[in-house]
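Residue numbers start from 1 in every chain, and the chains themselves are labelled A, B, ... in the order their sequence lines are given, proteins ahead of strands.
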Amino acid sequence: MNNCEYQQIEPLSLPTPRPAAVEEEEEKARRKWEVFPGKNRFYCDGRFILAQQSGVLPLTLGLILVTTVLFFVFDCPFLVKHLTVFIPAIGGVLFVFAVISLLQTSFTDPGILPRATPDEAAYIEKQIDNSGSSTYRHPPRTKEVVINQQVVKLKYCFTCKMFRPPRTSHCSLCDNCVERFDHHCPWVGNCVGKRNYRFFYTFIVSLSFLTAFIFGCVATHLALNTQTINVVFDFSSCTAVELVICFLSVWSILGLSGFHTYLVASNLTTNEDIKGSWSGKSEAEDTGNPYSYNNILTNCCSVLCGPMPPSLIDRRGFVPVEQSSQTVSMEMVLPMPAAKEIKVVVGPTPSQLPPSRALQVPSSPLPATPLSLTGRPQFSCLF
Amino acid sequence: MERAGTHGEMTLTGEKRDWTHSLQDMRQQAAIAAKVFIQRDYTNGTVCQFQTKFPSELETRIDKQQFEETVRTLNNLYAEAEKLGGSSYLEGCLACLTAYTIFLCMETHYEKVLKKIAKFIQEQNDKIYAPRGLLLTDPIERGLRVVEVTIFEDRSLGR
């Protein structure tokens, strides 16, 4: 084998990435989030992901902030004086929990499945044609698998060019297949799926506690206040605003929390519940849901406290250049459908290594790398 | 063309360079003959498991037992990553109590096992698959959907 030939060929990677290699950089190296085919928006160079339509996320945040601020400003002084100092403390903790889990729900990758590579798609098509189950394109292609003695149909996704895993659904708003798809929530501006369901659940539970708590405190305040004579006009109108907001929202949020508690306990998703995937079964079967552990505690633990799966879309990795291009051109040939506009990205300086999947780089990364190889898992595991 | 960060000339450890050297030579001198995709096995639910059925395209290249052993070990590793047990519950509960901010500073159990898997695949490629003109791709690069096995043409390896 020649010793020096590999230096002549630039760029070097194949469509199949090497297990322990770092993806090479061109001067205009692009990160994968820039060429992501789904309808998502990315912030902070791919660290945060949001749906294209943020829905009413600003409204949600605004309502929570306004109500809590009004509560702290107008009700807490009175209640601290008349009742206990723990009231603002409890309110503060609930508020922090609610806001943090809301932001995490909104900015976390819900479990998006990356689309099939062209090779994969061709392989699957070949298999379908060989098996003769579908000779033309348009009828939905399905594949049946047996999961825990139940027959489950897997549908073929024409957008993502793959058979969807069980419990995966394609969100038309985000144009992505999402694992364990629950629903697309406009209030948080993102899909709720496998990776951010626990954040979503924490959010609605803490929000329902917060709303109920504020409602209770405000009602107490008003009740106690009528006993005293002085009622300042703008003082009580703010309290009334809080009362109205809380009263209107507490029922729906409490109801939603209750509904999701039921879903968690039976290991169902909203999508499955609405479609009645498992409820149409006959009485003779103990349970229609093949994913349930048939034990409420195990179901809850597995959904809420299970291991946190990683993000599969590798937003901050660099797009590899296909070997077939073989030219040192300014343009990059992308394995995935190209992004809408060509963006010139400032490539890393020579002292920096392009960040790659940190798991695949062997033990000694460059110490001077600010785009740290350890940075990726920390962000990816959260988002 | 000398450029820092270019693959093969990076200032990583020498042994890494030698490893990629031999794989690179193989890749540049060998064309890709075919690719085989090992699909997921859903009989146990949504846990990440791959089918151990031996694909016919690999019959001439590798031993059936060897291949099945690789896939079985991979499956065991993924099962370990997704295992529901005391330690994972503890991690989950602790994360919940800290409003999940603990994920910012801590590597999750799953990520640790993914590193193990990456290392395992690298070893397998080194020892078993590269000498036979095959290359395994880490499933995480394919969204945990498939294990991609690239089959290179034989000519450059002198077999």
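Here the side chains of B/Thr43 and A/Ile147 are not in contact, with every heavy-atom distance at 4.5 Å or above. Under the 4.5 Å side-chain criterion, counting only non-hydrogen atoms from C-beta, B/Phe37 is in contact with A/Asp119. Residues B/Val146 and A/Tyr123 have side chains not in contact (no heavy-atom distance under 4.5 Å, counting atoms from C-beta outward). Residues B/Tyr110 and A/Met308 form no side-chain contact, since every pair of their non-hydrogen atoms from C-beta on lies 4.5 Å or further apart. A/Arg167 places none of its side-chain heavy atoms less than 4.5 Å from the side chain of B/Tyr42. Residues A/Arg198 and B/Tyr100 form a side-chain contact, since some pair of their non-hydrogen atoms from C-beta on lies under 4.5 Å apart.
Atom OG1 of B/Thr46 and atom CD of A/Glu179 lie 8.0 Å apart (nearest 0.5 Å). Note that SG of B/Cys96 is 10.0 Å distant from OH of A/Tyr201, once rounded to the nearest 0.5 Å. Atom CE in A/Met162 sits 11.0 Å away from atom CD in B/Gln39 (nearest 0.5 Å). The OH atom of A/Tyr291 lies 12.0 Å from the CG atom of B/Asn44; values are rounded to the nearest 0.5 Å.
For B/Arg145, the side chain to side chain donor-acceptor pair (under 3.5 Å) criterion is met by A/Glu120, not counting sequence neighbours.
Heavy atoms of other residues, nucleotides or ligands lying less than 6.0 angstrom from NZ of A/Lys153 number 12 at most.
Of the two parts of A/Tyr293, only the side chain, counted from C-beta on, holds a non-hydrogen atom closer than 4.5 Å to a non-hydrogen atom of chain B. At a 4.5 Å heavy-atom cutoff, A/Ile112 makes no contact with chain B through either its backbone or its side chain. Heavy atoms of A/Ser302 lying under 4.5 Å from chain B belong to its backbone as well as its side chain.
Highest contact tally toward chain B, considering only A/Gly306, A/Ser101, A/Ala122, A/Ala116, is held by A/Ala116 [criterion: heavy-atom pairs under 4.5 Å].
Interface with chain A: from residues 78-94 of chain B, residues B/Ala81, B/Glu82, B/Lys83, B/Leu84, B/Ser88, B/Tyr89, B/Gly92, B/Cys93 qualify, criterion being any non-hydrogen pair under 4.5 Å.
The two residues B/Ile140 and A/Pro310 come nearest to each other via the heavy atoms CD1-CG, 4.1 Å.
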